[in-house]
A.B. asks: 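Let me begin by handing over the structure; questions about it come next.
Because the structure is predicted, anything quoted here is derived from the model rather than measured. Remember, it's 1-based here, ligands and their atoms both numbered in the order they're listed. As a basis for the values below, the full set of heavy atoms in this structure was taken, side chains included, without hydrogen atoms, waters or symmetry mates.
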Amino acid sequence: MTRSGKVRVGIVGAGYIAQVHSAGYRSVVGTYDDGPEGVDLAVVADGAENRAQELSRAWGWERVETDWRQVTRADDVDVVDVSVPNVLHAEIAIDALEHGKHVICEKPLAHDLESALAMAAVAERSGRLAQVCFYYRLWPAIAWARQLVDEGAVGRPQHFRGWLLQDYAADAALDLGWRARPADAGAGALGDLGSHIIDIARHLCGDISRLCANSRTIVDRPGDTKIDDLISIMVEFDSAAGGVLEASWALRGHKCDLGFDLVGDGGAIRFSWERSNEIEVLQGDPADPANGFRRVLIGGAQPDVSRFVAVSGQGVGYRDAFTIGLGHALRGIARGDAATEPSFADGAEVSRVVAAALDSAESGRWTAVS
Ligand SMILES: NC(=O)c1ccc[n+]([C@@H]2O[C@H](COP(=O)([O-])OP(=O)(O)OC[C@H]3O[C@@H](n4cnc5c(N)ncnc54)[C@H](O)[C@@H]3O)[C@@H](O)[C@H]2O)c1
């Protein structure tokens, strides 16, 4: 933070998600009146200079670099945003934290568990804010679901069925780039999309203690890449609740099919991203023949929505999720508060579950998440 109350951001990576982040940074100050006075887009670094130039032109990043150390070690940067392929997250985030920067890192936290644990440990020691971008959990409907669970509005969770299914990788001819290289990505659909639904499951039902996973390659891609296109995981939570999680990037017809069905002993909550501005809640007397799910339109009663729209049901969208997520981080930094959600510790817990799922899929056995 400078004395003017501005937060100066440096971003590493100028690909797809960097554009979404750029839009988010641009809208945080206007959206939240309890955050920084300004957000400077100080510097963008990308190994491909033309990409960095394009992002700079489109969103006004002031300086362009090709070496990420010019961001993590820059004097004019307070926050480093890590938006590069998964294998690079740990080295960049740790260097930034060790140079006194706050860090906002894309998901999954790292390509493997060892790196994720190292990142969480350095973050803990650093006293800096370290956030991982599992922003679906901050989505107003899902954040409200968490409030309902905390209030006991649906009783004790007994079962959680969650999924994130897409079809962007269903075309065998499509070059998935780093995402299809296990050394760069860590896992296929499990790391890319499964990590999101694991985070939501943990957020709503607590830590997962053990699991049994089945993983399949369902797209016959050129070369010999065998990567998980589809993963199904039976889980048990520490709380003794159970559940089933599914993730795929290659199931035809599923675009951004993220959803869950949480059943407690006093009610239930259902959510689907395809109707992301509503949520269904079941409460009341099961013996009442008129008892059933209520459809609640998202509005001022749900977290953050009144910052965007005045009327319930007007709707917020995918980019707003990033304004909310980045807003949480930048407001924390402006307050001098390093606690954030989702934290690197949350990211490392998701990586534990991903690692256990990979082990289980390999062995065919129930596996402890340790
Ligand atoms: N939160 C979400 O929902 C969400 C959505 C999409 C992507 N992501 C995550 O964001 C990250 C980036 O994904 P993407 O879709 O933007 O990928 P992308 O391939 O579009 O962009 C990655 C960029 O990183 C650059 N890069 C690669 N190596 C570099 C290096 N050594 N130094 C500097 N730049 C380098 C590439 O040139 C490229 O411009 C991944 O971790 C991904 O999982 C998250």
A.B. asks: For a salt bridge (Lys or Arg N to Asp or Glu O under 4.0 Å) check, start with the C-alpha distance between Arg69 and Asp95, then their side-chain angles and the critical distance, and finish with the verdict.
C.D. replies: CA-CA 8 Å; Arg69 289 171 192 81; Asp95 197 67; 5.5 Å; no
A.B. asks: Tell me the nearest of Arg179, Lys107, His111 to atom 43 (O) of ligand 1, using heavy-atom distances.
C.D. replies: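 The residue whose heavy atom sits nearest atom 43 (O) of ligand 1 is Lys107.
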A.B. asks: Show your reasoning for whether salt bridge (Lys or Arg N to Asp or Glu O under 4.0 Å) applies to Lys101 and Asp78.
C.D. replies: CA-CA 5 Å; Lys101 313 302 185 202; Asp78 304 303; over 6 Å; no
A.B. asks: Can you tell me if Trp178 has a non-hydrogen atom under 4.0 Å from ligand 1?
C.D. replies: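 Right, Trp178 reaches ligand 1.
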A.B. asks: For ligand 1, which atoms sit closer than 4.0 Å to a heavy atom of Gly47?
C.D. replies: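 Going through ligand 1 atom by atom, the ones under 4.0 Å from Gly47 are 32 (N), 33 (C), 34 (N), 35 (C).
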A.B. asks: State plainly whether the residues Asp199 and Lys107 are in salt-bridge range, i.e. N to O under 4.0 Å.
C.D. replies: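 No, no charged N to carboxylate O under 4.0 Å.
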A.B. asks: So Tyr318 and Tyr136, would you call those rings parallel, tilted or perpendicular, with 30° and 60° as cut-offs?
C.D. replies: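 Judged by the thresholds at 30° and 60°, the geometry between Tyr318 and Tyr136 is tilted.
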A.B. asks: Which atoms of ligand 1 are found less than 4.0 Å from any heavy atom of Cys133?
C.D. replies: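 Once the distances to Cys133 are compared, the set is 1 (N).
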A.B. asks: Tell me the protein heavy atom at minimum distance from atom 39 (O) of ligand 1, and give that distance in Å.
C.D. replies: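 Protein heavy atom at minimum distance: Asp46 OD2, 2.6 Å.
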A.B. asks: For atom 41 (O) of ligand 1, what is the nearest protein heavy atom, given as residue, atom name and distance?
C.D. replies: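 Here the closest protein heavy atom is Asn86 OD1, 2.7 Å.
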A.B. asks: Could you check atom 38 (C) of ligand 1 against the protein and tell me its nearest heavy-atom contact, residue, atom and distance included?
C.D. replies: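 Answer, as residue, atom name and distance: Arg51 NH1, 3.2 Å.
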A.B. asks: Mind checking salt bridge (charged side-chain N to carboxylate O under 4.0 Å, His left out) for Arg335 and listing every partner two or more places apart, or none if nothing turns up?
C.D. replies: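 Salt bridge (charged side-chain N to carboxylate O under 4.0 Å, His left out) list for Arg335, sorted by chain: Asp337.
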A.B. asks: Distance to 0.1 Å, residue and atom name: give those for the protein heavy atom nearest to atom 20 (O) of ligand 1.
C.D. replies: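 Ranking protein heavy atoms by distance from atom 20 (O) of ligand 1, first comes Tyr16 N, 3.0 Å.
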A.B. asks: More than 12 heavy atoms of other residues, nucleotides or ligands under 6.0 Å from CD of Gln314: yes or no?
C.D. replies: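 Yes, enclosed.
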A.B. asks: At the 4.0 Å heavy-atom cut-off, does Gly177 count as touching ligand 1?
C.D. replies: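 No, Gly177 has no heavy atoms under 4.0 Å from ligand 1.
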A.B. asks: Which atoms of ligand 1 have any heavy atom of His89 under 4.0 Å away?
C.D. replies: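 Here the atoms of ligand 1 in question are 41 (O).
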A.B. asks: Identify the residue among Arg63, Lys6, Arg26 that makes a salt bridge (charged side-chain N to carboxylate O under 4.0 Å, His left out) with Asp40.
C.D. replies: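 Result for salt bridge (charged side-chain N to carboxylate O under 4.0 Å, His left out) with Asp40: Lys6.
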A.B. asks: For Ser83, take its heavy atoms, then give the atoms of ligand 1 lying under 4.0 Å from any of them.
C.D. replies: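 This gives 12 (C) as the contact atoms.
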A.B. asks: To check your reading of the model: name the closest protein heavy atom to atom 21 (O) of ligand 1, its residue, and the distance in Å.
C.D. replies: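 I find the closest protein heavy atom is Gly15 CA, 3.3 Å.
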A.B. asks: Show me which atoms of ligand 1 lie under 4.0 Å from any heavy atom of Pro85.
C.D. replies: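 Taking each heavy atom of Pro85 in turn, ligand 1 has 22 (C), 24 (O), 27 (C) under 4.0 Å.
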A.B. asks: Using side chain to side chain contact (heavy atoms under 4.5 Å, CB included) as the criterion, point out the one residue from Ile208, Val263, Leu245 that pairs with Phe160.
C.D. replies: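 Of the listed options, the one satisfying the test is Leu245.
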A.B. asks: Heavy atoms only: which of Val12, Leu193, Val84 lies closest to atom 26 (N) of ligand 1?
C.D. replies: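 Result: the heavy atom closest to atom 26 (N) of ligand 1 is in Val84.
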A.B. asks: So, Arg352 and Glu349, do they make that salt bridge, N to O below 4.0 Å?
C.D. replies: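 Yes, Arg352 and Glu349 are salt-bridged.
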A.B. asks: In terms of heavy-atom contacts, does CZ of Arg216 have more than 12 from other residues, nucleotides or ligands at under 6.0 Å?
C.D. replies: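 Result for CZ/Arg216: open.
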A.B. asks: Near Leu88, which atoms of ligand 1 are under 4.0 Å from a heavy atom of that residue?
C.D. replies: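 Numbered from 1, ligand 1 contributes 28 (N), 29 (C), 30 (C), 31 (N).
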A.B. asks: Could you check Asp265 against Arg156 for salt bridge (Lys or Arg N to Asp or Glu O under 4.0 Å), going step by step and ending with a plain yes or no?
C.D. replies: CA-CA 5 Å; Asp265 57 11; Arg156 195 173 44 88; 3.5 Å; yes
A.B. asks: For atom 44 (C) of ligand 1, which of Glu91, His196, Glu106 has the closest heavy atom?
C.D. replies: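 Checking each option, the heavy atom nearest atom 44 (C) of ligand 1 is found in Glu106.
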A.B. asks: Just need the protein heavy atom nearest to atom 5 (C) of ligand 1, so name the residue and atom and give the distance.
C.D. replies: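 Closest protein heavy atom to atom 5 (C) of ligand 1: Ile17 CD1, 3.3 Å.
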